[in-house]
Amino acid sequence: MNKVWSKASAILLLGSAILFSSSASTPVYAASSTYKVTFEQARLVSNDHVGNEWAIAAEVAGKAINEGKSMNVSVDSKGSIKLYGYVVEEDKIPDEGENTKTVNVSSISSKGSTVKVLVTVTENRGRYSGNEAVWEFTYKIKKQ
């Protein structure tokens, strides 16, 4: 009978330790904040005979955004915001370029930050093959 009480006591003691210690080890998550991200513009910075008929696309945190438009993004204090730019020169055989920049929200100043994403498009055919055009996508990020 003594062995039965010993085992029962040990089980109760172990169960209590697990029950009470689990609340102390519950992970604490960082508070989420909202950031207003504006896609201000995409502009052609240089063009060494790559082309002149262009289309662009931009994304913030995986969602499409148009020039001059804003969107709110919720991110925890240790998180980041992904900015993306895509350019295509539209001809028979399109030339494309894309780039992504990930911005840690801890680097955003209290007044907001301007972030530029450079996208390079390389001519893929003809006598200007290998020449490049560079686009600059400008985003403004401000904590709300």
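Computed over heavy atoms, backbone and side chain alike; hydrogens, waters and symmetry mates excluded.
Leu44 approaches Ala133 most closely through the heavy-atom pair CD1-CB, 4.2 Å. When every heavy atom of Glu67 is checked against every heavy atom of Ala42, the shortest pair comes out as OE2-N, 2.9 Å. Summarising the geometry of Ile108 relative to Ser113, their closest heavy-atom pair is CA-OG, 3.4 Å, with the distance given to 0.1 Å.
Put simply, Tyr86 and Phe39 are part of two different groups of oily side chains (I, L, V, M, F, W, Y) that touch within less than 4.5 Å, one to the next. In this structure, Phe137 is not a member of the same hydrophobic cluster as Val134, with clusters built from ILVMFWY side-chain heavy atoms closer than 4.5 Å. Both Met71 and Ile141 belong to a common hydrophobic cluster when Ile, Leu, Val, Met, Phe, Trp and Tyr are linked at side-chain heavy-atom distances under 4.5 angstrom.
In this structure, Thr138 and Val115 have side chains that are not in contact, with every pair of non-hydrogen atoms separated by 4.5 Å or more. Taking the side chain as every heavy atom from C-beta outward, Val88 and Trp54 never approach each other to under 4.5 Å. Within the 4.5 Å cutoff, the side chain of Thr100 has no heavy atoms near those of the Val117 side chain. Between Ile81 and Val60, some side-chain heavy-atom pair lies under the 4.5 Å cut-off. You'll find the side chain of Val50 reaches within 4.5 Å of the side chain of Asp95, heavy atoms only. Ser80 places a side-chain heavy atom less than 4.5 Å from the side chain of Asn104. Between Asn72 and Tyr35 there is no side-chain heavy-atom pair separated by less than 4.5 Å.
Here CG of Asn47 is found 8.0 Å from CG of Asn52. Values are rounded to the nearest 0.5 Å. To the nearest 0.5 Å, atom CD of residue Glu59 and atom NZ of residue Lys82 are 7.5 Å apart. Rounding to the nearest 0.5 Å gives a distance of 11.5 Å between NZ of Lys143 and OG of Ser109.
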Step-by-step side-chain contact (heavy atoms from CB on, under 4.5 Å) determination, His49 to Asn131: CA-CA 7 Å; His49 298 87; Asn131 288 13; 4.1 Å; yes

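Not a single donor-acceptor pair under 3.5 Å links the side chain of Asn124 to the backbone N or O of Ser129. Under the 3.5 Å distance criterion, the side-chain polar atoms of Asn99 are matched with a main-chain donor or acceptor of Leu118. Side chain of Tyr139 to main chain of Tyr84: a donor-acceptor pair is present (N/O by atom type, distance under 3.5 Å, no hydrogens or angles).
Ion pair Lys140/Glu40 not flagged as a salt bridge, since none of the NZ, NE, NH1 or NH2 atoms sits closer than 4.0 Å to an Asp/Glu carboxylate oxygen.
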